[in-house]
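The next block holds one structure in the form of structure tokens; read it before the comments.
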Amino acid sequence: MIAPTAEAALVGYDFNGTIDSGSLLGESYSGSFAYDNASLTNSGLESINLSSLTFNFLSTSFDLTHAEFTPTADFLDGLFLGVSYAVSAFAPEFALVSSSGLPGDAPYLAYQSLSGDAGFGSFNIAAVPLPASAWLFASGLGWMVSARRRKVAERR
């Protein structure tokens, strides 16, 4: 589980995983997603609509437009549980499922083929760091604001 930062901002994650069971055993998948955490209250069960999502599975790319329902980032008392995302217009149908928040529970991928074969996959989620150029820009902007305030204060 990953705890997001307290500041409102666009938060991004990369993920990758491998199918652990069923006929697709060993197949890998990967992707990324982002959401704006401005509305996150860190209280109770919350779902925030994703602002972007890319998902690569079985040599096919998916995004927000392929979703069966509005994809969300899910939280319990501010703790990131995972992503809810499902695609039924593909064989096999699949879904990314958030953890329940209970100890030992983790987000996973579930799939089911037209023939009824089903399986699961585990995956790793990692926060995408803010690029160094953004930090430099923010610190330079902060320096410029402080210098301007000093000049205004000196004139008074």
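Small disclaimer: the values here were computed from a predicted structure and weren't measured. The figures that follow rest on heavy atoms only: side chains count, while hydrogens, waters and symmetry mates do not. We're numbering straight along the sequence, starting at 1.
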I'd like to know if the side chain of [X] pairs up with that of [Y] as donor and acceptor (distance under 3.5 Å, no hydrogens or angles considered).
X      : Y     : result
Ser84  : Asp74 : yes
Asp117 : Ser23 : yes
Ser61  : Asn56 : yes

### Task
Measure centre to centre between the rings of Tyr29 and Tyr111, then say whether the value is under 6.0 Å.
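Not under 6.0 Å, so no.
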### Query
Are Phe62 and Phe94 near enough that their ring centres are under 6.0 Å apart?
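Yes, close enough.
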Side chains of [X] and [Y] in contact at under 4.5 Å (non-hydrogen atoms):
X      : Y      : result
Glu68  : Ser88  : yes
Leu109 : Phe55  : yes
Asn124 : Asn16  : yes
Leu45  : Leu81  : yes
Ser32  : Val128 : no
Leu40  : Glu46  : yes

#### Entry: Qualifying residues under side chain to side chain contact (heavy atoms under 4.5 Å, CB included), relative to Tyr108, sequence neighbours excluded
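Result, side chain to side chain contact (heavy atoms under 4.5 Å, CB included) vs Tyr108: Val97, Ala110, Phe120.
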### Query
With no hydrogens and no angle check, is any side-chain donor or acceptor of Asn37 less than 3.5 Å from a backbone partner on Ala9?
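It does hold such a pair.
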### Task
Hydrophobic side-chain clustering at under 4.5 Å (ILVMFWY, transitive links): who's grouped with Phe69? Put none if nobody.
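The other cluster members (ILVMFWY side chains, heavy atoms under 4.5 Å, direct or chained): none.
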### Query
How many angstroms lie between atom OG of Ser28 and atom CZ of Phe57, to the nearest 0.5 angstrom?
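With rounding to 0.5 Å, OG (Ser28) is 9.5 Å from CZ (Phe57).
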